[in-house]
Amino acid sequence: MKRFLAIKVFLWFWLTVISTLAIMVSVSFLQPDVLASKDISPPMLKNLFHMKKSLNRHIERMPDKSLEEVLTHRRHGKRTKLYLKHSDPDKSLISTPELNQFDLTLLNFAVGEEPKVINTEKYRAYGPVSMHVKQNNYQLFMILDNREGDLFLKVKLMPRWMKLTILLFASLVLSYWFAMGLLKPIKQLQQAAAKLAQGELSARAQVDNKRRDELGQLGKDFDIMASQLETQVLSQKRLLADISHELRSPLTRLQMATGIAAGKVSGDLDSYMQRIEKESHLLDHMLSDILQLSRLESGSSCVELQPICIAELLEPIISDAQFESQQLNKQLYCGELPEISLVGDAVLLNRAIENIIRNALKYATTKVTIQCNVVDEKFILQVADDGEGVSDEMLDKLCIPFYRASQSRTPHIDQKGGFGLGLAIAQHAIKVHHGHIHFKNNQGLDVTLSIPLTQQNDLQQ
C-alpha cells in the first residue's frame, strides 16, 4: 500500500501518544512505593466521623473489653478496615490481620493533619481523625482495598513534575525525529532550487529513492524537471555557439569581398560599400562576444592564472577610456590605483573591466568616476556614471544576454558593440574568479565588482 504523507502524520501522532504512555509506565515501575493525597469528599468525611462515634459507643458499652477486641469484633463491612495509629508503633491497632500485608508506615506523614484521601499502590486510606481512648491518643484511618489496576495506579501516583517531564521529553524527541524526517527532503528541495536559480544547472534534490510519499515523488519530479531544463539550456547555448562559429567563415569571406570591391568602386557606391564594411565589422564583433560568452557559460574557456599587478592591469584600460571620454566630450575621474597583485586571468579581467567602464561612458551624461580599493583581501572596483540609471526592478536583469533596460539604452548604428552582451561577459568573467558584481542606482548607475586577491584550487574553468 502506498504510504501517503497524511497517513504517516496520522500514524506518527498516535505513535507519539503510545510511546509517551509506554515510557511513563516503564518509569513508574522503577520508582519505589509512592502515595498521593487529595481532599476528602464531604460524604466520606461524614462516614469517617460516624465510624469514630460508633467506636466510642461500643467502647462505653463494653468497658471490660480491650480496644483490640472491640476493633476485632466490630462489624465494619467486607471492605472497610480500621487502623488506629499510636505514636508508639507497638500500641497501634488494626481491625483485621489483612492489614498486615499493607505498608501502613506510609501514613505517618498524615498524622496530625486534616482528614484527606491517601492513595497507595495496595490500598486507599481515609483520615486521620483523632481519638482519645483509655488514656491513649490515636489517629483513626479507614482502609479500603485499592481496586484500580496496578499499571494505571502506578502512573496515577507518579508526581506531577515527573509525569510532565516525561510527557514533554517523549513528545519533543519523537516530534523532532518526525519533523527532521519530514523537513529533510524539503530542505534538499530548497537548496537544489536555490542553486538552480543561481544558474547551477547540475543541482539535484537527490531525495531518498525509498520514500514513497508525496515528498519523495516531488523530489523525483524536481530532478526530472532540472535534468530537462539543463538539457534544454545547454542545447540552446551550444546551438548559439555553433551558429556563431559557423557564421564566422562566411562573414570573413564577406569582409574580404567587400574590401576587394571597395577598391574598385567610386562615387555613390563608395558610401554604400563603407556602410556594408561597417555593418560586417559590427556583426563580427557581436559574434566574437557571443562566442566568448558561450565559452564562459559552458566552462570551456581556458583560464590562465598568474599574479597580476592591479595598477598595471588598469592603466591601459583607464588610458583608453580617457581617450574615448574626450571623443564623447565627457569627463573620466579615476582615483589612485593600488600597487597590489591579485591572482587571475589578465585577458578575462581586462575584458570584464573594460566592458564595465565603456558601458558607463556610453550612458553617462557628463562624467564617470572610478574608485579602486583593497578591503579584506578583496579588490573592489566601483564605476559610477551620472546618467539616467535604470529602474530598480531592472537592476537584477542587466547581465542577461541581449537584455536592454529601456529603448534609450539601445545602441546607435555607428556605435561599436551595444548588444547587451558586455555586462553578461563581465559577470561571467568575474564569476570564474569567485568574484561578484553588484548594481545600484545612485544619481546614475553604480557598478561594483569584488574579486579575491587569491584564487582557490577549484577555480571554475
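Keep in mind that this is a model prediction, so the values were computed, not measured. Excluded from the calculations below are hydrogen atoms, water molecules and symmetry mates; all remaining heavy atoms, backbone and side chain alike, are included.
The neighbour count for Glu336 CD, taken as heavy atoms of other residues, nucleotides or ligands under 6.0 Å away, does not exceed 12. More than 12 heavy atoms of other residues, nucleotides or ligands shown are found within 6.0 angstrom of NE2 on His86. Around the CG atom of Asn100, the shell of radius 6.0 Å holds more than 12 heavy atoms that belong to other residues, nucleotides or ligands. By the neighbour-count criterion of 12 heavy atoms within 6.0 Å, atom NZ of Lys220 is densely surrounded, having more than that number from other residues, nucleotides or ligands. Residue Lys116 qualifies as enclosed at atom NZ: its count of foreign heavy atoms under 6.0 Å is above 12. By the neighbour-count criterion of 12 heavy atoms within 6.0 Å, atom NZ of Lys52 is densely surrounded, having more than that number from other residues, nucleotides or ligands.
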side-chain contact (heavy atoms from CB on, under 4.5 Å) between Lys378 and Leu453, intermediate numbers included | CA-CA 5 Å; Lys378 291 183 179 180; Leu453 295 181; 5.9 Å; no
Step by step, would you call Ile370 with Leu332 a side-chain contact (heavy atoms from CB on, under 4.5 Å)?
-> CA-CA 8 Å; Ile370 301 174; Leu332 180 67; 3.7 Å; yes
How far apart are the C-alpha atoms of Leu82 and Ile94, what are their side-chain angles, what is the distance that settles it, and do they pass the side-chain contact (heavy atoms from CB on, under 4.5 Å) test?
-> CA-CA 6 Å; Leu82 299 180; Ile94 56 177; over 6 Å; no
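Side chains of Gln139 and Ser130: a donor on one and an acceptor on the other come within 3.5 Å. Between the side chains of Asp221 and Gln217, a donor-acceptor pair is found at a separation under 3.5 Å.
With respect to the salt-bridge test (charged N to carboxylate O, under 4.0 angstrom), the residues Glu68 and Lys91 do not qualify.
By the salt bridge (charged side-chain N to carboxylate O under 4.0 Å, His left out) test, Glu312 pairs with no residue at all, sequence neighbours left out. Every residue two or more places apart in sequence or in another chain that forms a side chain to side chain contact (heavy atoms under 4.5 Å, CB included) with Leu337 is listed here: Ala311, Leu314, Glu315, Cys334, Cys372. For Asn441, the side-chain hydrogen bond (donor to acceptor under 3.5 Å, both in side chains) partners at least two apart in sequence or on another chain are Asp392. For Gln371, the side-chain hydrogen bond (donor to acceptor under 3.5 Å, both in side chains) test picks out no residue, with sequence neighbours left out. By the side-chain hydrogen bond (donor to acceptor under 3.5 Å, both in side chains) test, Asn47 pairs with no residue at all, sequence neighbours left out.
At least one donor-acceptor pair under 3.5 Å links the side chain of Thr365 to the backbone N or O of Asp386. Between the side chain of Asn373 and the main chain of Val375, no donor-acceptor pair closer than 3.5 Å is present.
In this structure the side chain of Leu342 reaches within 4.5 angstrom of the side chain of Leu349, judged on heavy atoms. Between Lys362 and Arg358, every side-chain heavy-atom pair lies at or beyond the 4.5 Å cut-off.
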Please set out all donor-acceptor pairs under 3.5 angstrom arising from side-chain atoms of residues 105-115, sequence neighbours excluded.
from, atom 1, to, atom 2, distance (Å)
Thr105, OG1, Asp103, OD1, 2.4
Asn108, OD1, Lys85, NZ, 2.8
Asn108, ND2, Thr105, O, 3.1

